[in-house]
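First up is the structure itself, then whatever we jot down about it.
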Amino acid sequence: MKAILCRVTVPRYLFSQTLGRLSDRFLLGLAGPLALQEMPLPPLLTPRYVRVRTTLTGICGSDVGLLRGRESYSLDPFFTFPSVLGHEAVGVVAETGAEASRFRPGDRVALSPYLGCLDRGTAPPCRVCAEGRSSSCEKQFEGPLAPGLVGMNRDLPGTWAEYFAVPETLLEPIPESVPDEEAVLCDPLVCALHGLLRAAPRPGETVLVIGAGTIGLCLIAGIRAMAFPARVLVQSRYAFQSELATKLGADEILPSGAAGLRRLAEITSARVLKPRLGPPVLEGGVDVAYDCVGSPASLDQALRVVRTGGRVMMIGAIGPAGGADLAPLWFREITLLGAYGGGTEEIQGERLSTLRLALKLMGQKKLNLRPLLTHQFPLSRFQEALRIALHHPRHQSVKVALKPAQG
Ligand SMILES: [Zn+2]
Ligand SMILES: [Zn+2]
């Protein structure tokens, strides 16, 4: 089968970091870390594995971050290479292991790429998995599989391939009414919902979503789909993102720069304070800021506009945050939270996986993420696909996906 293999080595990593910013040619060319290769079919590693023929597989911000050398060094031990890249996927079951009982060939399935104790075969579950946060499993360095999620794991090739094989526990059936073109967004929706539920708006609260890329847009849709009675303000950089944010249920898109801060102060009855040096800060502000960008600048902004005692939720993949002023965290007793991947959520007494929740909301038509899938390419044109994902403002791309079945 055809697959896109990623070899991240320290020299290549540093190479990407320095040269990748200058030109895509280095990043996506022969000297870069990616190659489209002919490979053997991924094996069913245990009788509980299922092999899936990939229909659609998304390019995640973390894939792009990895190629650009923007991942944090501290995360390096948690991802293992070489690996076939790709962790957002929908497909059709092609073959099931002897003890895999949940699916039959022909079933349409969506993937949750995060391996917990149950999936790794490291029973009994660690305390983190027992809490329902299997994406941050503490036994990643035990058992037969290398650390890392599917697609950034040297033992579990990812989904930028014609087939992938995973434990059946990582798969969920896609409701019939949900097209592949929407279901392929289930992983970003999972990340957004997990972050949302860990910092859920309380009735009457005003929240700010910073960044209206895939995660930010999924978050806005999630807040509306789950009917949180909150006022949703959005900080978006580009007009095409603002348009989608409004369509998905944002109450107001803030203007950029100082005007945005003034408007935010007006809405929340906050006071704009101007330090003698540096950017302005609010007294008062929003109850929750969801940072869906994950840069020092977005974290800095979040901390400046959250009220005393408010919450900042980091959903975007953040690296070193040098330059962010953390004084408000201390001085205004802000709670800083993070959310990675998905797990098990509890909603009105019902416990279900974040993936099942995401697919349920899609199936119930509580949201429509189909407009987020802006570009699709066959596997053979992955370089073009990545270029469009890398330069999303120029191409007005939100989610770019590969269609391995098309060659
Ligand atoms: Zn991802
Ligand atoms: Zn675990």
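For the single chain, residues carry numbers from 1 onward in sequence order. Whatever order the structure lists ligands and atoms in, that order sets their numbers, starting from 1. Note that the structure is a prediction, hence the values are computed from the model and not measured.
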Throw together a table of side-chain donor-acceptor distances under 3.5 angstrom for residues 315-323, partners on residues two or more places apart or in other chains.
none

For the side chain of [X] and the backbone of [Y], is there at least one donor-acceptor N/O pair under 3.5 Å apart?
X    : Y    : value
S236 : A212 : no
Y290 : A199 : yes
D251 : V232 : yes

Exercise. Using a distance threshold of 2.8 Å, what protein N/O/S atoms lie below it relative to the Zn ion (ligand 1)?
Worked result: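 N, O, S partners closer than 2.8 Å: C60 SG, H87 NE2.
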Exercise. What angle, to the nearest 10°, do the atoms SG (C137) and SG (C117) form about the Zn ion (ligand 2)?
Worked result: 100°
Problem set entry | C129 SG and C126 SG subtending at the Zn ion (ligand 2) (10° steps) |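 Once rounded, the angle between the two atoms at the Zn ion (ligand 2) is 110°.
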Exercise. Between CE of M313 and CG of L208, what distance do you get to the nearest 0.5 Å?
Worked result: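 M313 CE to L208 CG: 14.5 Å, rounded to 0.5 Å.
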Exercise. To the nearest 0.5 Å, what is the distance between CD (E172) and CG (D107)?
Worked result: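 That separation rounds to 12.0 Å.
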For this session: Would you check, one step at a time, whether the test side chain to side chain contact (heavy atoms under 4.5 Å, CB included) holds for C186 with L355?
Result: CA-CA 7 Å; C186 65; L355 178 61; 3.7 Å; yes
